[in-house]
Amino acid sequence: MAIHLSRTFVLRKLHQLSGIVPLALFLLEHFYTNSKAVAGAASFNKAVSELQSIPYILLVEIGGIFIPLIYHAVYGLVITMEARPNNLNYPYPRNWFYLIQRITGVVLFFFIAFHVLNFRFGMIPGLNTISVAHRPDLAFDIVAGEFRIVPIFLIYMVGITATVWHLANGIWLFMVDWGITIGERAQRLTGYACIAFGIVMLLVGINAAVAFIRPGGLLGGLL
Ligand code: HEM
């Protein structure tokens, strides 16, 4: 039996899959590395240095992060432009989540472009011009210096929040669309699990950012 898959179907499935593998996996690793800042500058700088010593790191970054990210981002914007939000007609939570998934996608597009040009390549005029990846010994100080600038720190708070929302809701969408979570009750319970996951990720992400300007992070000195 010949199975015919339309081009749009395949592109759409690849878009959904790229959101989970590798982007979600990368984000978990990224939050883990950033959380080393809670233990102090030396611990974070060592983690950056170890990442940079991965063999073929540039190829790993290009194939494992940049290409999937650019595909997911660009095709995500195409999907967003084709979207027909109907929240005003049907104010159900799922319709709002549909709209917020697209809004956070657009926010992420600009935030990730800024973040990568800034810390990975040191190319934002007026901010640091050193790539954190090239100077692991200065990594903590470069990030800390920028996070002390209030508007930059606020941009990161918005970016982290948008990323975590997009990921937590994205995992739910993926599980439902790929037929992993079937039935009303299972979908509701998976929804609660994704909310719990999102809250934990948000706290971990914000705590790591705070650790660059307050030793030990939010609970610094208490733990
Ligand atoms: C960089 C800009 C980004 C844009 C413009 C974007 C856009 C989108 C859009 C429009 C959707 C909804 C697709 C649909 O309903 O069919 C989506 C889904 C998703 N995104 Fe993103 N995204 C971006 C970055 C990311 C990042 C960094 C991650 C990982 C942390 C991610 C993970 C996901 C996941 C897991 C889904 C759910 C896939 C599904 O619908 O089954 N996205 N994205």
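Remember, it's 1-based here, ligands and their atoms both numbered in the order they're listed. Quantities reported herein were computed from a predicted structural model and do not represent experimental measurements.
- Considering backbone and side-chain atoms together, Trp178 places no N or O closer than 3.5 Å to any N or O of ligand 1.
- With ring centers used as reference points, Phe212 lies 6.0 Å or more from Phe153.
- Every heavy atom of Asp177 sits 4.0 Å or more from the atoms of ligand 1.
- In terms of modelled atom types and a separation under 3.5 Å, the side chain of Arg214 and the main chain of Gly217 share a donor-acceptor contact.
- Listed by number with element, the atoms of ligand 1 under 4.0 angstrom from any heavy atom of Phe109 are 1 (C), 2 (C).
- The shortest N or O to N or O distance between Thr80 and ligand 1 is not under 3.5 Å.
- Proximity to Ile20 (heavy-atom distance under 4.0 Å) selects the following atoms of ligand 1: 35 (C).
- Between atom 41 (O) of ligand 1 and the options Phe174, Tyr98, Phe26, the minimum heavy-atom separation is to Phe174.
- Aromatic ring centres of Trp165 and Phe97 lie closer together than 6.0 Å.
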Would you check, one step at a time, whether the test side-chain contact (heavy atoms from CB on, under 4.5 Å) holds for Lys13 with Asp177?
-> CA-CA 9 Å; Lys13 288 289 154 199; Asp177 204 83; 2.6 Å; yes

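- Side-chain N or O atoms of His15 include one that pairs as donor or acceptor with a backbone N or O of His72 at under 3.5 Å.
- Only side-chain heavy atoms of Gln101 come within less than 4.0 Å of ligand 1; its backbone N, CA, C and O stay farther off.
- Ranked by closest heavy atom to atom 32 (C) of ligand 1, the top entry among Pro22, Gly19, Ser18 is Gly19.
- Checking side-chain atoms of Thr104 against main-chain N and O of Gln101 turns up a donor-acceptor pair under 3.5 Å.
- Of all protein heavy atoms, the one lying nearest to atom 38 (C) of ligand 1 is Gln16 CA, 3.6 Å.
- Of the possible donor and acceptor atoms, none in the side chain of Asn128 sits under 3.5 Å from a partner among the backbone N and O of Ile142.
- Annotation: His166 places an N or O atom under 3.5 Å from an N or O atom of ligand 1; distance criterion only.
- Contact annotation: for Ile112 versus ligand 1, heavy atoms closer than 4.0 Å belong to the side chain alone.
- Contact of the Leu127 side chain with the Ile149 side chain is registered, since non-hydrogen atoms from C-beta on lie closer than 4.5 Å.
- Here the heavy atom of the protein found nearest to atom 26 (C) of ligand 1 is Leu23 CD1, 4.0 Å.
- Among the backbone and side-chain atoms of His15, no N/O/S atom is found under 2.8 Å from atom 21 (Fe) of ligand 1.
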